[in-house]
Chemist: 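Got a structure for you, questions after.
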Protein chains: 2
Amino acid sequence: MEDEVDRLLEAWRRERPDLDVTPMEVLSRVSRLARHLDRARSQAFEAHSLESWEFDVLAALRRAGAPYRLSPGRLLKETLVTSGTMTNRVDRLAARGLVERLPDPADRRGVLVQLTDAGRDAVDAAMADLLAHERTLLGSISERDQARIAGVLRELVRPFDLEKH
Amino acid sequence: MEDEVDRLLEAWRRERPDLDVTPMEVLSRVSRLARHLDRARSQAFEAHSLESWEFDVLAALRRAGAPYRLSPGRLLKETLVTSGTMTNRVDRLAARGLVERLPDPADRRGVLVQLTDAGRDAVDAAMADLLAHERTLLGSISERDQARIAGVLRELVRPFDLEKH
DNA sequence: AGGATTTATCTTGATGTCGAGATACTCTAG
DNA sequence: CTAGAGTATCTCGACATCAAGATAAATCCT
């Protein structure tokens with residue numbers, strides 16, 4: 001069964017028969033699937049009145065474990081955004097009462113961002129929903145194939161994980 | 001060998017042992033890899049003074065074949081952006097001399113966007129570079145695995161391809 | 001033919017992000 | 001102890017995007 005990428009590659013092969021476009025068989029599909037997953041995620045979070053970017057921050061704090069407290073700097077690394085963006089995100093999450101800013105007792109330059117109870121409840125509920133939805137998406141793929149593909153993707157991601165140290 | 005997603009999932013399993021997070025073994029890696037690919041793409045295009053979004057539009061026109069001419073509406077569907085975005089993109093590409101707007105002789109509401117020679121040269125060079133770079137990224141994956149993973153990804157994307165229209 | 005609906009594109013205002021720079025504090029070397 | 005380098009966070013301006021609405025033209029229906 002054909003998909004959009006098959007059509008895309010067919011067009012390129014017609015127009016540029018000199019190029020070998022097979023890398024796109026994998027990588028274009030990764031990009032397109034990721035775009036679709038983003039939209040699906042947004043929809044899953046809508047039921048919990050969370051934006052994707054809100055979930056990203058809350059989830060990083062939740063994963064950190066009690067007392068659900070991280071520095072903005074640490075949050076940057078977890079969420080791969082810049083410092084200006086994180087300031088903005090924390091501002092909005094604090095305004096919604098999902099996190100609060102605490103002064104870092106060990107470094108007066110620093111700040112700690114901590115999940116409130118409401119924030120924890122929100123992220124826990126959203127996470128359960130997200131996983132349920134993702135399980136549906138993967139429904140047609142055998143566990144064996146899922147494990148295989150996860151292994152290949154791990155190899156593909158590794159060079160990038162390494163370069164940022 | 002571990003990657004960032006392994007660490008992520010380990011944290012979730014510690015904090016929420018009640019949840020089954022295995023869907024993320026595949027889907028989180030897809031999302032993260034896509035983000036890395038975006039950055040890599042941007043870098044590859046830098047040598048040609050193209051932004052990713054510029055390439056997306058030029059590539060859609062290039063794929064269409066001579067005379068490299070599409071309506072804005074058609075470009076929306078190819079690039080998955082909104083009409084306001086496309087107006088903006090075409091404006092900028094026209095200002096750079098990479099495309100030009102022509103009136104549609106068959107529909108006076110309509111416009112046709114056409115690649116200039118400079119636009120065609122730019123996208124052809126960028127495409128060759130992009131593929132070279134992508135081939136490097138996939139270097140460690142056997143052709144057999146690439147074909148396998150492409151097949152699984154095609155299945156995962158299909159539901160999304162279907163739902164639009 | 002004429003009025004209503006649909007279609008194609010552009011305009012506008014809001015949003016989230018980035019990147020560069022500012023500020024305040026900490027650490028290190030001498 | 002202090003000067004300089006380094007670090008953590010925030011501020012600000014620019015930018016690409018989206019969503020909703022405006023405009024204009026084509027198409028449909030009676």
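Residue numbers start from 1 in every chain, and the chains themselves are labelled A, B, ... in the order their sequence lines are given, proteins ahead of strands. The basis for the numbers below is simple: all heavy atoms, side chains too, and nothing from hydrogens, waters or symmetry mates.
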Chemist: Check this for me: does any side-chain nitrogen of one of D145(A) and R148(B) sit under 4.0 Å from a carboxylate oxygen of the other?
Modeler: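 No, this pair does not count.
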Chemist: Salt-bridged, D56(B) to R41(B), with N to O below 4.0 Å?
Modeler: yes
Chemist: For N88(A) and dT9(D), give me the distance from atom CG to atom C1', rounded to whole Å.
Modeler: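 Value for this atom pair: 14 Å.
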Chemist: Side chains of T85(B) and T82(B) only: does a donor on one sit below 3.5 Å from an acceptor on the other?
Modeler: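 Note: T85(B) and T82(B) side chains meet the donor-acceptor criterion.
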Chemist: Tell me: CG of L70(A) to C1' of dA8(D), nearest whole Å?
Modeler: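 In whole Å, dA8(D) C1' lies 15 Å from L70(A) CG.
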Chemist: Quick test of your reading of the model: are R29(A) and D6(A) salt-bridged, counting only N-O distances below 4.0 Å?
Modeler: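 A salt bridge links R29(A) with D6(A).
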Chemist: dC15(D) C1' sits how many Å from D91(B) CG, rounded?
Modeler: 14 Å
Chemist: Run the salt-bridge test on R7(A) and E4(A) with the 4.0 Å N-O cut-off and return the result as yes or no.
Modeler: yes
Chemist: I need the CZ-P distance between R96(B) and dA16(D), as an integer number of Å.
Modeler: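 Whole-Å distance recorded here is 11 Å.
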Chemist: Of all nucleotides in DNA chain C that come within under 4.0 Å of a heavy atom of chain A, which is furthest toward the 5' end and which toward the 3' end?
Modeler: dG16(C) to dT26(C)
Chemist: Would E54(B) and R96(B) satisfy salt bridge (charged side-chain N to carboxylate O under 4.0 Å, His left out), going step by step from the backbone distance to the final call?
Modeler: CA-CA 10 Å; E54(B) 293 181 305; R96(B) 287 196 53 190; 3.0 Å; yes
Chemist: Ignoring backbone atoms, test whether R101(A) places a side-chain nitrogen or oxygen under 4.0 Å from the OP1 or OP2 oxygen of dT9(D).
Modeler: no
Chemist: Give, for atom CG of L75(B) and atom CG of L93(B), the distance between the pair rounded to the nearest 0.5 Å.
Modeler: 9.5 Å
Chemist: Any carboxylate oxygen within less than 4.0 angstrom of a Lys/Arg side-chain nitrogen, looking at D20(B) and R135(A)?
Modeler: yes
Chemist: Going by heavy atoms closer than 4.0 Å, what residues in residues 44-55 of chain A are next to DNA chain C?
Modeler: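 Within residues 44-55 of chain A, the residues near DNA chain C are W53(A).
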Chemist: How many Å lie between CE on M86(A) and C1' on dC10(D), as a whole number?
Modeler: 13 Å
Chemist: Between atom CD of E25(B) and atom CD of Q146(A), what is the distance when rounded to the nearest 0.5 Å?
Modeler: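 Rounded to the nearest 0.5 Å, the CD-CD separation comes to 9.5 Å.
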Chemist: Drop me the distance from M24(B)'s CE to L138(A)'s CG, to the nearest 0.5 angstrom.
Modeler: 11.5 Å
Chemist: Measure CG/L76(A) against P/dT7(D) and give the value in whole Å, please.
Modeler: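 To the nearest whole Å, that distance equals 14 Å.
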Chemist: State whether R109(A) and D104(A) are salt-bridged, where the test is any N-O pair (Lys NZ or Arg NE/NH1/NH2 against Asp/Glu carboxylate O) under 4.0 Å.
Modeler: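 No, no charged N to carboxylate O under 4.0 Å.
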Chemist: Determine, for nucleotides 19-25 of chain D in 5'-to-3' order, which nucleotides have protein heavy atoms under 4.0 Å from the base (write B), from only the sugar-phosphate (write S), or from neither (write -).
Modeler: B----BB
Chemist: Round to the nearest Å and state the distance from R39(A) atom CZ to dC18(D) atom P.
Modeler: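 That distance rounds to 11 Å.
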